[in-house]
Amino acid sequence: MSNALTQYLELYRAQRATILGHSPAALNALRPAALQSLEATPLPRKGQEDYEAFDLEAVLAPDYGVNINRLEFAGHDVDHGCTVPNLSTRLYTIVGDTFHASRPAHADDEVLVTSLAQAPEQLLAEHYGSVATLQRPIVALNTLLAQDGLLVHAPAGKVTHRPLQVVNIFNAAAPVMAVRRTLIVAEPGSHVQVLVCDHTQHAEQDYLSVQVVEIIAMEGATVEYYDMEESTPRTHRLSSLHVRQHEGSNVLVNGITLLNGTTRNEYHISVDGPNASTTLLGMAIASGEQHVDTLSHIAHNAPRCKSDEMFKYVLDDHAVGAFAGKILVRENCPRVEAYQGNRNLCASSTARMHTKPQLEIYTDDVKCSHGTTIGQLDEEALFYMRSRGIGRELARTMLMQAFMSDIIDGVRLEVLRDRLRHLVEKRFAGDLATCAGCNLKKK
Amino acid sequence: MLRIEDLHASIEGKEILKGVNLTVHPGEVHAIMGPNGSGKSTLSAVLTGNPAYTVTGGRVTFNGKDLLALSPEDRAHEGLFLSFQYPVEIPGVSMVNFMRAAINEKRKYHGMEPLSASDFLKLMRERRAIVELDNKLASRSVNEGFSGGEKKRNEIFQMAMLEPRLSILDETDSGLDIDALRVVANGVNRLKSDNNATIVITHYQRLLDYIKPDFVHVLYKGRIVMSAGPELALELEEKGYDWIKEQVDNQH
């Protein structure tokens, strides 16, 4: 077993009593199985299937502190004013991996938003760990150590009147690993909109987040989940998002990497009920030495479902991107429509993109497609723009922005869409040094 | 305004322009005609700075400046405009953003403040009318899904927005039906003044019925081999290029 993982297993064994003491029973109940999974399976090595370009061991190797004792990090300069302008949200903050309640758990829309550590036992017992699978190392590590996070519960037929906005923030003065866990339960006919922003306050500090999101969309429920990372070159992020969809549900997930260090985003979507619809979108803009790695797996386990998937990358300098996407249509799932796309722009000759589209289909009567491209900026378009007086740099920026336009247009919240367009524009123009989505200053 | 002297240019090692000489003064309209492959489009590409072409000799001055030393964008700022034979589609870039960027880059070059949003939209509206360009087209992505005629109208619309000193119309008549041709030609004529000039590159006399040239030049094998008044275009329409080809080929 690798040292990278051993340090966390040893930490767990040494601190087991403390961890269990801080956590609800449902979280503790899964720890033995998580431990067993990690002990039994070595970490996947770089080059192995689904880890072609990702060195999980290297990411886990440094000695990060884990907030076992639930110490309060200074949160005084965090919980104010972080709003996407004009987007009236219900705002919550998670500092490191500690949920900060500054808003009532229930708003007038009766959707419950609370700390996972204080969530109703029955909800946790029923749903916690019911979607994320412990065979995935990120999930197992998260499940072993998670003590807090976010719970969103929308009772049947309830609608979030204002989108929920959750700001995940690193602000510790030492290298820290945040073990964040999110559980979203959308009961039948409910509609939940969640915007999550990952931020880092200290650019010179090394951080690692190990985060798992579970989303359960019950019959006819709609869940929109926007996940935006705007961190620093020294931030590492291991994220695994797991969705279970029931009959007639509608789930949109949009993963956006604007600024980062090393990021792995996994999306595992299990469509278990008929007539469900899934939209999985993502974009990554990477430059310098940034790394963005995406693994997606959509399993169609029921008939007459539709999924649309599109990931777009723009890579500059020495950035590395990877996309491995699989769509599975099981037996007896007629009239499934599943489309997957991955389009990439390498803006420099030293940027690298790895892409692996996969379809696995066991039913005849389906419509499925996948397409992937890696290219450069269109020289003809560039010259056309320059001939109209648009300088080369601005023309490049405009073309890269245009390349991302369908992902931005996929955002259903109009104000967020406008804001995102602006953020992407700033990112390409190279002046996204401060968080423009909120007032947090990167020091 | 424009002085081209002994211009040589090549693409991928193949010499296309072999010593072009041409002088254009303000207020003039020049037509450049010639058989396929004679170098007409290469001339317009070289003048606007298309990086696919290499200038191998000669000089071009534009309003006293060394044109060939300028970047394509600075040539535009100095007042050069090319109406493309094949306008490029740019999905995801709206006409509004495209034009706003072009106008404001030019203003920046000349030390002027960016145009206010309302002034810009007013200008768009006003200039759109010159080529009867639909508002719907102006709000779409640049040339995306435009018909051939719409693309050419859009070129003249951009010309109207940018108010160039010298416009080069490269086969602007190709792919146009008579009605579209009239609209485009009327647009060009309305933009004409004593201070600007136009070079019309065309195969056919047809366009010259609408845009009256002061001079007609024949480009053949990379050189201007004949220059005369508008009557030359009529003669070419009637007799074709063979007699000129023969004359030139016999001299060598």
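Chain letters run A, B, ... following the sequence lines, proteins first, then strands; residues in each count from 1. If you're wondering where the values come from, they're calculated on a predicted model, not measured in any experiment.
Within the 4.5 angstrom heavy-atom criterion, atoms from both the backbone and the side chain of B:Pro87 approach chain A. Residue contact with chain A, scored on non-hydrogen atoms closer than 4.5 Å, is absent for B:Asn104.
Shown here are the side chain to side chain donor-acceptor pair (under 3.5 Å) partners of B:Lys106, two or more places apart in sequence or in another chain: there are none.
Atom CZ of B:Arg59 has 12 or fewer neighbouring heavy atoms from other residues, nucleotides or ligands inside a 6.0 Å radius. Counting heavy-atom neighbours within 6.0 Å of A:Arg421 CZ, excluding the residue itself, gives a total above 12. More than 12 non-hydrogen atoms from other residues, nucleotides or ligands lie less than 6.0 angstrom from CZ of B:Phe120.
Shown here for A:Ser405 and B:Gly92, the closest heavy-atom pair between the two residues is OG-CA, 3.8 Å.
Of all residues spanning residues 374-393 of chain A, those with a heavy atom less than 4.5 Å away from chain B's heavy atoms are A:Glu380, A:Ala381, A:Phe383, A:Tyr384, A:Met385, A:Arg386, A:Ser387, A:Arg388, A:Gly389, A:Ile390, A:Gly391, A:Arg392, arranged by number.
With values rounded to the nearest 0.5 angstrom, B:Ile90 atom CD1 is found 7.5 Å from A:Met398 atom CE.
Considering only heavy-atom pairs separated by less than 4.5 Å from chain A, the leading option among B:Val93, B:Thr48, B:Val88, B:Leu162 is B:Val88. Of the residues considered (B:Glu78, B:His77, B:Glu89, B:Lys108), B:His77 shows the highest number of contacts with chain A, using heavy-atom pairs under 4.5 Å.
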